[in-house]
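Written below as C-alpha cells is the structure these notes are about.
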Amino acid sequence: MTAMPTLETERLIIRPFALSDLDALHHLLDLEQADAETGTAGAQTREQRQAWLEWSVLNYAQLAWMFQPPYGDRAMVLKSSGELIGACGYVPALGPFGLLPTIQANEALARAARFAPEVGLYWQVARAHQRHGYASEAARALIAYAFAHINLKRIIATTTHDNAASIGVMQKAGMRIEANPLPVPPWFQVVGIREFDD
C-alpha cells in the first residue's frame, strides 16, 4: 500500500496535514470546538496539539512503509480559498459490531458483544462551515478511495443518538444506519455502515 494521495472533490481538497497547519488546527479543534463530542478525551493545549500534529505527519509515511491503511486525520481545505475548514480521515474503530443486526449473522449475544476492529471514518468541520455539505462530500471521497485503493470490504462511522448532524452525514454518504440495541458503549449508539457492494 502506498501513501494516500491528496483527494479532490468538487469543492474540497483533502490533503495530509502539514506542520504549518498548527495554529489553524488548534483554533478549530481545541478552541472553537472545545466542547464538541468527538469520541476523544477532549480539547488539547497548543503544545499537545503540536505533538499530535508532529506524530500525525510522521504517521503518514510510516503507515505506508508498513503497508498499513492510511489511518489518521487529513486537512479538509476549501478549493476556492485554501482555508482549512476541518479534519477528516480514517480511524481504527474498535467496537462490539456483532451487536448490529446485519453484522451479527446469528452470533450468540455474548460473542456478538466482543469488540472487533473495523476501519472507521472521522470528520469535524468548523462551525462557520457546517450545514454546507462539506463533511458528506469528504466522507464520500474517503469511502470511494477506501473501496478503490485500500480494497476495503466495509467502512463504518459511529455517533450518539442525539447527533443528528453526524447521522445526516452518514446517510448522505450512502451509509446504512443501525442502532446498538444496548446502551453501552455510549459512543456506539448509532453506526453508519457502507459495504463495498452497497
Side-chain angles (χ1 to χ4, degrees), residues 1 3-7 12-78 81-96 115 117-132 134-139 141-142 145-146 150 155-163 165-167 169-170 184-192:
M1 190 172 301
M4 182 175 155
T6 295
L7 304 179
L12 299 172
I13 295 172
I14 300 168
R15 62 163 173 79
F17 276 112
L19 297 179
S20 58
D21 291 321
L22 176 60
D23 289 333
L25 185 63
H26 175 59
H27 176 79
L28 170 71
L29 298 183
D30 304 309
L31 301 178
E32 176 187 311
Q33 296 190 29
D35 60 343
E37 178 54 52
T38 61
T40 66
Q44 297 187 338
T45 66
R46 188 178 188 283
E47 292 73 26
Q48 290 170 321
R49 183 58 64 191
Q50 181 176 354
W52 175 89
L53 183 59
E54 290 168 356
W55 169 82
S56 294
V57 169
L58 291 172
N59 194 47
Y60 300 137
Q62 293 303 310
L63 287 173
W65 178 74
M66 295 185 299
F67 303 103
Q68 295 301 304
Y71 289 125
D73 291 30
R74 304 274 186 301
M76 190 186 305
V77 177
L78 288 179
S81 65
E83 179 185 359
L84 175 69
I85 64 161
C88 61
Y90 303 112
V91 295
L94 191 65
F115 280 38
E118 294 281 348
V119 175
L121 289 178
Y122 164 82
W123 55 80
Q124 190 168 358
V125 178
R127 289 202 168 105
H129 296 284
Q130 291 176 357
R131 302 198 186 308
H132 296 289
Y134 294 125
S136 300
E137 193 171 320
L142 290 168
Y145 182 83
I150 306 175
I155 195 161
I156 63 94
T158 63
T159 193
T160 56
H161 289 300
D162 60 355
N163 193 338
S166 189
I167 294 168
V169 170
M170 293 175 193
V184 292
W187 47 264
F188 192 79
Q189 295 172 354
V190 176
V191 181

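Just so you know, these numbers come straight off a predicted model, no measurement behind them.
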- prompt: At what distance, to the nearest 0.5 angstrom, does CD1 of I167 lie from OG1 of T159?
  reply: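 Answer for the CD1-OG1 pair, I167 versus T159, is 6.0 Å.
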- line: Output for pair (D21 CG, R15 CZ), nearest 0.5 Å, gives 4.0 Å
Please give me the minimum heavy-atom distance between [X] and [Y], naming the atom from each residue.
X	Y	value
L84	A24	CD2-CB, 3.7 Å
I155	A146	CD1-CB, 4.1 Å
R49	L25	CD-CD2, 4.0 Å
A135	V169	CB-CG2, 3.7 Å
R74	M4	NH2-CB, 3.5 Å
Y145	A3	OH-O, 4.3 Å

Listed pairs under 3.5 Å, donor-acceptor, residues 51-58 side chains, sequence neighbours left out:
residue, atom, partner, partner atom, Å
E54, OE2, Q50, NE2, 3.2
S56, OG, W52, O, 3.0

message: Looking at M66, is its backbone amide N or carbonyl O close enough to the side chain of Q68 to form a donor-acceptor pair, meaning the two atoms are under 3.5 Å apart?
response: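 Looks like yes, one N/O pair under 3.5 Å.
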- prompt: Does Y90 use its side chain to pair, donor to acceptor, with the backbone of L142 at less than 3.5 Å?
  reply: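 The answer is yes, because a donor-acceptor pair under 3.5 Å joins these two groups.
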Please name all residues satisfying side-chain hydrogen bond (donor to acceptor under 3.5 Å, both in side chains) with [X], sequence neighbours left out, ordered by chain then number.
X	result
S166	none
H161	none
Q130	none
D73	none

Of all residues at least two apart in sequence or in a different chain, which pass the side chain to side chain contact (heavy atoms under 4.5 Å, CB included) check with [X]?
X	result
A126	L28, E32, H129
S20	A18
A138	L12, I14, M76, C88

Could you check whether any side-chain heavy atom of [X] comes within less than 4.5 Å of a side-chain heavy atom of [Y], counting everything from C-beta outward?
X	Y	result
H132	V125	no
T6	P16	yes
M170	V191	no
V190	N163	no

Results of salt bridge (charged side-chain N to carboxylate O under 4.0 Å, His left out) for D162 - residues two or more places apart only: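 None.
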Residues forming a ring pair (Phe, Tyr, Trp, His ring centres under 6.0 Å) with Y60, sequence neighbours excluded: none
message: Run the ring pair (Phe, Tyr, Trp, His ring centres under 6.0 Å) test against F188 and tell me which residues pass, sequence neighbours left out.
response: F97
